Amino acid sequence: MTELETRVTEALEAEALEAPDAVGLADGARQRARRRSRTRTVGLVAAVALAVAAVPVAVGLGGGDDSETPAVVDTATPSPTDGWRTETYRDLELQVPSSWGYGNLSTWCLNGTGVPGDPVVERPGGVTPAIGCGEPENGYGAQFFSTALFDPVEGDLSKAWEYGWEPGQVKVYPRDAWLGVVMAGDYAVRVVAPDQATAQEVLDSVHTVVGADGNGCSVRQDDTGPEVAPGTVAVCRYDAERLLEQSELLTGGDAEAAAAAVQAAPSGSQHGGGPCPATPVEPYGAVLLRETDRDVTVVFGSSCALDNGVSSGAERRRLTADVLYWSLSPGWSGGFSGTVPVPEHFRR
Amino acid sequence: MPRSEGRVVADGAAADFDAWVAARGPALLRLAYVLTGNRADAEDVVQEALSRALPRWSRISTVEDPDAYVRRMVVNAHTSWWRKFRRREHPVADPVPTGEVAGPGGGVLTDERRRIWLACRALPEAQRTAVVLRYYEQLEYAEIAAVTGVREGSVRSRVSRGLATLRTELGERDR
């Protein structure tokens with residue numbers, strides 16, 4: 001420590017002794033918790049009362065006779081509107097404008113323009129360039145993160161609010177940014193958008209996936225996925241825990257090219273490398289390419305060559321650069337073992 | 001079983017919470033005081049954090065480091081308080097005392113620790129939080145990043161800038 005740092009430490013430690021005492025702290029916390037609970041209960045009762053009052057009116061307006069079967073609530077994930085796409089991490093799904101790219105909010109300056117540019121979608125893990133962009137500390141985008149250590153502050157964070165930066169403060173986000181956070185179980189999404197409407201539309205789209213997401217990918221690798229529409233290929237990337245890391249829906253020419261790449265892969269097992277251990281040295285993930293009539297599993301992350309490859313049922317094929325090109329959705333970042341054929345470039 | 005805020009909290013968990021608060025509460029209040037610079041605000045911040053920890057205590061008490069978990073809640077509660085305060089009011093900048101204290105014989109002594117404290121209080125909130133966690137709590141940069149939810153690079157930047165401001169305010173070069 002420098003002398004200044006030591007003096008700062010000593011000064012703070014000395015002043016800390018002026019703190020109030022802790023008498024009644026636990027009881028005070030209980031009282032505050034009870035007050036908060038009473039406030040929430042009143043709000044909930046009011047909401048239930050409104051809902052009960054609304055039902056008879058809704059039935060009356062529905063028309064038809066009383067013997068009609070009530071409409072089944074559609075629980076399927078709605079398809080994104082034109083110009084938007086579905087992004088998923090684990091069981092948290094949202095819609096973002098198609099123009100949003102991939103990356104890290106904190107490395108916005110890699111765009112080379114000196115100002116935060118197009119928003120990006122950020123996921124946990126992956127490779128983050130070791131670069132500091134100065135201020136603002138983050139650009140625009142949607143950031144998935146774990147809630148394990150996240151303590152939500154009071155207030156409804158799902159309603160977008162304007163970033164209140166003032167001169168003299170550290171600029172954490174772009175000055176004109178609109179922010180919001182939606183929490184759902186173990187994960188949450190933080191949205192930083194250039195305008196209120198976009199921020200709110202993204203926030204409103206966040207929901208928990210039940211079963212499979214809007215791209216046709218199950219949250220769990222071992223679950224049977226929904227039917228995939230003809231002419232499309234769902235690209236489902238799973239992590240080492242066999243949970244969904246990213247999903248994508250290929251259509252048109254892209255879907256045809258992905259299917260053709262799998263079909264063109266040579267039959268047989270992957271070869272190369274030395275003897276493989278009985279159990280994997282490191283856990284690895286997989287990509288599921290889902291077509292109408294089959295699911296194809298692509299494994300490329302094992303240090304044991306024999307574990308890598310393309311499989312569908314009992315059929316085995318070897319990895320090719322083309323198969324990997326379509327298996328690695330934009331935004332993927334990671335490494336390859338020495339025996340895997342690396343594509344010349346990746347999809348962005 | 002005693003009831004707390006509409007939910008049942010087991011006797012064991014309640015007693016465990018009280019014991020933990022008795023042991024760690026004073027340290028939390030000191031941290032909150034150094035963060036907020038104000039006794040009333042320090043009590044408010046810690047009460048707020050503990051009131052939110054209470055219903056989750058059976059889970060929090062089993063995490064690897066409950067102290068770190070609740071400390072993060074205190075820091076978040078401070079940040080939340082700071083945001084709400086700024087939205088509620090637009091205070092006129094208070095004149096910052098010079099840190100001078102009366103000396104014997106009617107003279108004036110400059111309490112250097114007081115000057116550092118006051119200069120630290122005048123730092124922007126994000127820098128002050130980083131400086132306090134670094135030099136008062138003695139946390140590593142990675143730990144501060146985990147507590148505040150920002151990247152380690154940003155933490156280093158905030159601490160560096162905070163120190164630079166303190167150095168300027170104290171009118172000296174670092175030795």
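Model, not experiment: these values are computed from the prediction. Below, chain A is the first sequence line, B the second, and so on; all start at residue 1.
Only the side chain of B:Arg158 comes within contact range of chain A, judged by heavy atoms closer than 4.5 Å. Contacts of B:Tyr33 with chain A are made by side-chain atoms alone, with heavy-atom separations under 4.5 Å and no backbone atom involved. Heavy atoms closer than 4.5 Å to chain A are found nowhere in B:Arg134, neither backbone nor side chain. In this structure, chain A has heavy atoms under 4.5 Å from both the backbone and the side chain of B:Ser154. Only the side chain of B:Gln138 comes within contact range of chain A, with heavy atoms under 4.5 Å apart.
With sequence neighbours excluded, the residues that form a side chain to side chain contact (heavy atoms under 4.5 Å, CB included) with B:Glu43 are A:Pro20, B:Leu29. Every residue two or more places apart in sequence or in another chain that forms a side chain to side chain contact (heavy atoms under 4.5 Å, CB included) with B:Ala68 is listed here: B:Asp65, B:Arg71.
Between A:Tyr89 and A:Phe144, the ring planes lie tilted relative to each other; the angle falls in the 30° to 60° range.
Taking the six-membered ring wherever Trp is involved, the centroid distance between the rings of B:Trp117 and B:Tyr136 does not fall below 6.0 Å.
Ranked by heavy-atom pairs under 4.5 Å with chain B, the list A:Glu18, A:Glu13, A:Met1 is led by A:Glu18.
The one candidate from B:Leu31, B:Leu28, B:Thr36, B:Asp41 that meets the side chain to side chain contact (heavy atoms under 4.5 Å, CB included) condition with B:Val46 is B:Leu28.
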